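A quick write-up on the structure given underneath.
These numbers come from a predicted model, not from an experiment. Whatever order the structure lists ligands and atoms in, that order sets their numbers, starting from 1.
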Amino acid sequence: MKNIIIFGAPGSGKGTYSDEIVARYEMGHISTGDVLRAEIKNGTELGKTAKGYIDQGQLLPDSLMIDILAKTYDALPKGKGVIFDGFPRTIAQAEALKQMLAERGDDMGVMVELIVDEDTLLKRLLNRAIEQGRADDNEETIKKRFAVYHSQTEPLAEWFQKEGIRHTFTWKGSKEQMLSEIFAFLDKQ
Ligand code: ATP
Ligand code: MG
């Protein structure tokens, strides 16, 4: 399988669909949010830095994230394709990802964009707060994450469009339907 960039707002299902895609195509998976939460859990210096940003609903600095991404990517077994979940989130990160992959004789593959209305996103994130207890899933921080998404991350969709690899999937109320549309597309890649 080609590399896949899964893209969408907080709560759009990037992690959920990534797990399904990984199981079907036996790919590698990099979730930058999961990497950072593991660092926080382990009480590392990076974790302490990350917590400050995450609890505020802000993005970590690009230079730091690009470094983390490259290290995580290089530690994965090669040859199967990787799904990038939660990265890139800014144009600078996207440029860096493209360059990092090119330096390794690889490319970004395809971008899968998840479009979900904001009412649904909010409900999901508040529900996740109850189920998983993520510190950044409270209403105040969620609102900040949406604002950051709209100002810093959403413009990237156009960037992927220009790269010719943007593929959009819209939530119509059913996970099964969303997944079957995504699989139908990825099966052809
Ligand atoms: P979901 O996983 O439900 O789509 P999300 O996108 O808000 O929600 P994560 O991807 O887990 O959640 O990220 C959680 C937080 O980690 C972000 O709000 C941000 O502070 C930080 N983070 C994760 N990835 C990056 C990144 N590429 N650049 C900067 N900060 C990041
Ligand atoms: Mg996630």
Side-chain angles (χ1 to χ4, degrees), residues 3-22 28-42 44 46-73 82-101 108 111-157 159-160 169 171 175 178-179 182:
N3 290 326
I4 300 170
I5 294 164
I6 193 153
F7 183 88
S12 57
K14 298 186 294 287
T16 305
Y17 297 117
S18 291
D19 289 343
E20 305 271 3
I21 292 168
V22 163
H29 180 197
I30 300 178
S31 159
T32 46
D34 287 351
V35 169
L36 298 175
R37 282 185 289 277
E39 295 284 338
I40 294 173
K41 200 165 160 231
N42 294 331
T44 65
L46 171 58
K48 281 175 202 151
T49 305
K51 189 170 163 41
Y53 290 96
I54 292 175
D55 287 354
Q56 293 303 314
Q58 300 299 321
L59 298 182
L60 275 75
D62 284 334
S63 55
L64 186 58
M65 288 311 301
I66 290 164
D67 197 39
I68 293 169
L69 195 273
K71 284 196 184 113
T72 311
Y73 182 79
V82 171
I83 182 158
F84 296 94
D85 160 9
F87 191 102
R89 268 177 148 93
T90 63
I91 306 262
Q93 290 182 15
E95 304 273 9
L97 177 64
K98 187 180 173 188
Q99 191 191 330
M100 184 207 77
L101 291 170
M108 294 185 292
M111 181 270 219
V112 168
E113 180 180 18
L114 309 171
I115 307 270
V116 183
D117 61 278
E118 206 152 300
D119 284 351
T120 304
L121 294 173
L122 185 60
K123 274 189 212 129
R124 284 185 191 169
L125 292 168
L126 292 173
N127 196 39
R128 188 169 72 186
I130 299 163
E131 283 170 0
Q132 300 178 16
R134 250 176 70 171
D136 57 343
D137 284 344
N138 61 78
E139 194 150 358
E140 196 193 335
T141 311
I142 291 167
K143 291 270 156 68
K144 283 193 204 152
R145 284 155 63 204
F146 285 163
V148 166
Y149 178 76
H150 289 311
S151 64
Q152 300 190 52
T153 305
E154 213 172 24
L156 250 184
W159 186 91
F160 282 109
F169 299 86
W171 172 255
K175 180 184 164 190
M178 191 83 163
L179 207 50
I182 294 172

Any side-chain heavy-atom pair of R89 and T32 under 4.5 Å
yes
For G86 and ligand 1, does the shortest N/O to N/O distance drop below 3.5 Å?
yes
Any donor-acceptor pair under 3.5 Å linking the side chain of Q152 with the backbone of V148?
no
Are the side chain of N42 and the backbone N or O of A38 linked by a donor-acceptor pair below 3.5 Å?
yes
For Q56, which part has a heavy atom under 4.0 Å from ligand 1: side chain, backbone, both, or neither?
neither
Tell me whether N3 contacts the main-chain N or O of V82 through its side chain, where contact means a donor paired with an acceptor under 3.5 Å.
yes
For the 3.5 Å polar cut-off, considering only N or O atoms, please tell me whether Q93 and ligand 1 meet it.
yes
Check whether K144 reaches the backbone of Q58 with its side chain - one donor and one acceptor, N or O, closer than 3.5 Å.
no
Is there a donor-acceptor contact under 3.5 Å from the side chain of S18 to the main chain of K14?
yes
Hey, can you tell me if Y73 and F84 have their rings parallel, tilted or perpendicular (30° and 60° cut-offs)?
parallel
G33: numbered ligand 1 atoms lying under 4.0 Å from its heavy atoms
9 (P), 11 (O), 13 (O), 23 (C)
Is the contact between A9 and ligand 1 made by the side chain, the backbone, both, or neither, using heavy atoms and a 4.0 Å cut-off?
backbone
Taking only heavy atoms of K14 into account, list the atoms of ligand 1 that are under 4.0 Å away from them.
1 (P), 4 (O), 6 (O)
Evaluating non-hydrogen atoms only, which member of I142, T32, I54 is closest to atom 16 (O) of ligand 1?
I54
Tell me the contacting part of R128 for ligand 1: side chain, backbone, both, or neither, using a 4.0 Å heavy-atom threshold, strictly below.
side chain
Atom CD of E140: over 12 foreign heavy atoms under 6.0 Å:
no
Hey, does G11 sit under 4.0 Å from ligand 1 if you only count heavy atoms?
yes
Less than 3.5 Å between some nitrogen or oxygen of L60 and one of ligand 1, yes or no?
yes
Going by distance only, is there an N or O of Q58 that falls short of 3.5 Å from an N or O of ligand 1?
yes
The answer for which part of L36 has a heavy atom under 4.0 Å from ligand 1 is side chain
So, the side chain of R145 versus the backbone of D136: is there a donor-acceptor pair under 3.5 Å, distance only?
yes
Heavy atom to atom 6 (O) of ligand 1, shortest distance: which of M65, R145, R89, R134 holds it?
R89
